[in-house]
Amino acid sequence: MKIIRTIAEMQEQMLRLKSEGISIGYVPTMGFLHEGHMSLMERARQENEAVVLSIFVNPLQFGPNEDLDAYPRDFDRDHSVAESQGVDYIFYPSAEEMYPKDASVQVSVVDRTKVLCGKSRPGHFDGVATVLIKLFNIVQPTRAYFGLKDAQQVAVVDGLIKDFNFPIELIPVDTVREEDGLAKSSRNVYLIGEEREQAVELSKSLQLARTAIQGGERNPLKIVDMMMRHINKNTSGKVDYIEIYSYPELQSLETLTGKIIIAMAVKFSKARLIDNIILNVE
Ligand code: PAF
């Protein structure tokens with residue numbers, strides 16, 4: 001496995017692979033790798049001849065109230081995880097390498113960002129889009145792997161790839177779950193006492209919604225109301241949002257039809273959990 005820190009060397013290596021017709025599977029991350037990342041690397045390994053992982057804590061996607069310096073970092077651990085997953089290249093640039101001077105062009109994501117978590121993180125997806133445009137140009141992957149736990153990010157990347165004509169196949173990868181259905185997250189350790197047991201009610205409420213839709217319910221307000229009541233009755237958590245949109249467009253729907261996302265965020269005392277399901281409604 002090769003660790004590369006400069007853009008010039010990364011581009012040189014990737015151009016060489018491309019000239020040899022080697023497919024490149026790419027997993028962009030901010031490091032501190034967890035099981036979600038491992039499922040992305042595993043999938044990339046299955047589907048490509050070369051696998052690239054990038055580790056870069058992108059300052060542009062942190063808001064004024066989000067602590068960039070407090071973001072967890074552990075390169076040695078990430079290095080061993082990547083090695084165990086059969087990664088071929090780690091791109092590990094510094095902030096100075098990625099952003100050597102003030103930008104002369106700014107990227108602004110104008111759609112798919114004013115709902116769900118994007119609503120409370122203005123500018124976040126502009127930072128994500130900016131770094132991904134750079135990373136896509138540096139790595140030039142055949143396929144790029146993103147976790148559906150952050151389905152809004154996947155929707156934004158879908159728009160980015162299509163609008164800017166990147167010749168990249170976007171591969172959304174299913175959320176990794178605990179045995180009881182709770183979506184795996186580094187935040188689960190902050191669940192206190194009974195909250196861990198209650199947290200499973202998020203995925204249960206999504207399954208209730210799925211069953212209701214399979215039973216013929218097409219009114220999104222009724223589904224949201226049912227889920228809201230389920231969470232309020234079975235947990236001490238406070239619902240931040242439960243929303244339903246078309247996917248990946250993230251447009252409101254009066255009647256459920258086509259590909260949809262049901263997404264939720266619930267605040268417990270020290271952890272804010274998110275979860276979602278994506279369904280095809282006939
Ligand atoms: O999902 C993340 O870790 C980041 O948003 C990404 C895609 C690596 C861009 O910085």
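All values below were derived from every heavy atom in this structure, side-chain atoms included, with hydrogens, water molecules and symmetry-related copies excluded. Just so you know, ligand 1 is whichever comes first in the structure, and atom 1 is the first atom listed for that ligand.
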I'd like to check which ligand 1 atoms, numbered from 1 as shown, lie under 4.0 Å from a non-hydrogen atom of Thr29.
8 (C)
Should you measure from each heavy atom of Val131, which atoms of ligand 1 turn up under 4.0 Å away?
9 (C), 10 (O)
Starting from atom 10 (O) of ligand 1, locate the nearest protein heavy atom and write down its residue, its atom name and how far away it is, to 0.1 Å.
Gln61 OE1, 2.6 Å
Is Arg16 paired with Glu20 through a side-chain N to carboxylate O contact shorter than 4.0 Å?
yes
In the protein, what heavy atom is nearest to atom 3 (O) of ligand 1, and what distance, to one decimal place, separates them?
Met30 CG, 3.6 Å
Asp163: partners by salt bridge (charged side-chain N to carboxylate O under 4.0 Å, His left out), with sequence neighbours left out
none
Short N or O distance, Asn58 and ligand 1, threshold 3.5 Å exclusive
no
Please check if the distance between the ring centroids of Phe164 and Phe136 is under 6.0 Å.
no
Side chain, backbone, both or neither: the part of Asp150 lying under 4.0 Å from ligand 1 by heavy atom
neither
Can you tell me which residue and heavy atom of the protein come closest to atom 5 (O) of ligand 1, and the distance to 0.1 Å?
Gln153 OE1, 2.7 Å
Test: Arg45 and Asp88 ion pair at under 4.0 Å
yes
Can any side-chain N or O of Glu243 pair as donor or acceptor with the backbone N or O of Leu116 at less than 3.5 Å?
yes
Residues Asp240 and Lys119 bridged, charged N to O under 4.0 Å
no
